[in-house]
Amino acid sequence: MPPNQRSRSLLQRHRGKLLISLTGIVALFTTGSVVVFFVKRWLYKQQLRITEEHFIKEQIKRRFEQTQEDSLYTIYELLPVWEMVLNENDLNLDSIITQLKDQKNQSTRQKSSESIESSPLKTKAELWNELELKSLIKLLTITYTVSSLILLTRLQLNILTRNEYLDSAIKLTMQQENHNKINHRLYDWVTSWWSNPQGKMVDSMTTKKLKKDGQEVYINEQAFLSLSWWILNRGWLDYNEIVTNQIEIEFQGIHPRDTLTLEEFSSRLTNIFQNINSQIFQQNNSSLISIFLPKGSGGQEFLLSQTLDPEALTCFHSNTLVFNQLINELSQCIESTATSIVLESLINESFHFIMNKVGMKTMAKKKPGQEEQQNYQMAVFSMSMKDCCQEMLQTAAGSAESGSVNEYLATLDSVQTLDDLSASVYSNFGVSSSYGFKD
Ligand SMILES: *[C@@H]1O[C@H](CO)[C@@H](O)[C@H](O)[C@H]1NC(C)=O
Ligand SMILES: *[C@@H]1O[C@H](CO)[C@@H](O)[C@H](O)[C@H]1NC(C)=O
Ligand SMILES: *[C@@H]1O[C@H](CO)[C@@H](O)[C@H](O)[C@H]1NC(C)=O
Ligand SMILES: *[C@@H]1O[C@H](CO)[C@@H](O)[C@H](O)[C@H]1NC(C)=O
């Protein structure tokens, strides 16, 4: 056999094998490049996704910061309203001061009491006693109520904001799948946050049904937000009662002319704080929750009748699902140990603030030649407390000319545990009983 014939037959004999392995190699190369192609595309998509995720995370973080700021502004809006409530409830210290000033003008007093009023005016001693008692009561009532209000507002706004961005995120995902217009939708979503922080994203295709649902949700959220009405009009009275009892015990027998050192004053105040705290943070006692929330459906109805107009109230009654969910979450938060700890930190912070302010104001009232003096009349402490109350309730409008912020609110707002609690509420996706802070 000639050699090339032999090789041909060899080729012929192995032709099938060769073809198979060649196909194999081609297939291998093809598969390889396809794999590389897909890997590249996958990597590219991952990259996009990471960028988007990063972007969304940034937005969520920004929204968190904005929510905490909004909470503070809300308190600024609410304080003047509450100040009016306090004044109507016999805690108007300025009116006592006015009466004291009138007292100096004896002739005016005598004339007016003889000619106009049947009821005799209070004596100077009575007025000073009244100032002592009421400045203490007001100072502590402000402390407990404002601490609770700032906590309540943080909880409310963080719960609502989280629901809102969860809604938006779910909508976004669905829209991505349907239309694949990622950037446009993302843009809508983000701009809707910026341009209309309270508003919901309203799609142009929304049907009437959706609009009705939207309105119901909106009214449900309004009802939820109106809970601050409760604490400022009813709940605070519970604090007022507890505070009054403790003050009467601790300052009994101390008259406006009696003198105390700063340390003595501080230690009496410490006792009061400790006793009040042990009452409100008592285990098995629902006194705290009844300060924050109306009791039972009767209380709730009363609150809503005070805060919603009749039309909204009717709409609210047609569907209360969202409201009930929000209230459930809020109640669980308020009853959690974490919340009690935060409230206690806010109260502790308030105590330091008060002692600092009252101490400074009292020392500043020393007359020349009294620099060495360590004892102060209770009446001087009362005046300092009155001034301190005024500062704690001061809002932007009242201090426009000085351009200053409310130092007390700023102090409370920067308490670290308050931020921690807010963050845990804001990022609580497993909405139900599984709170990170439930004990
Ligand atoms: C004090 O009484 C007199 C006489 O009634 C009156 O003219 C005067 O304005 C009063 N002063 C003050 C500060 O009220
Ligand atoms: C809870 O404590 C407050 C304050 O001590 C008290 O007035 C109230 O009666 C207590 N409530 C219950 C249910 O024990
Ligand atoms: C407090 O509550 C727990 C659980 O609800 C109960 O077992 C306990 O008896 C209560 N204690 C008091 C003093 O009421
Ligand atoms: C508040 O102050 C009291 C007394 O100084 C202290 O025992 C308590 O641990 C403080 N609470 C918080 C939450 O910081």
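Note that ligands are numbered from 1 as they come in the structure, with each ligand's atoms numbered from 1 the same way.
- For atom 9 (O) of ligand 4, the nearest non-hydrogen atom of the protein is E344 OE2, 4.2 Å.
- Counting only N and O atoms by type, the side chains of T307 and S226 include a donor and acceptor under 3.5 Å apart.
- On a distance-only criterion, Q274 and ligand 4 share no N/O pair closer than 3.5 Å.
- Between K101 and D94 there is no salt bridge, since no side-chain N of the basic residue sits under 4.0 Å from a carboxylate O of the acidic one.
- Set against the non-hydrogen atoms of I341, the atoms of ligand 4 under 4.0 Å away are 13 (C).
- Inside a 4.0 Å radius of atom 5 (O) of ligand 4 there is not any protein heavy atom.
- Here K357 does not pair with D387 in a salt bridge; the nearest charged N to carboxylate O distance is not below 4.0 Å.
- Taking the six-membered ring where tryptophan is involved, the planes of F273 and F351 are perpendicular, since the angle between them exceeds 60° and thus also 30°.
- Of the polar atoms of S345, none of the N or O atoms is found under 3.5 Å from an N or O of ligand 4, judged by distance alone.
- Side-chain rings of F316 and F224 stay apart, their centers remaining 6.0 Å or farther from each other.
- Looking at atom 1 (C) of ligand 4, its nearest protein heavy atom turns out to be N348 ND2, 1.4 Å.
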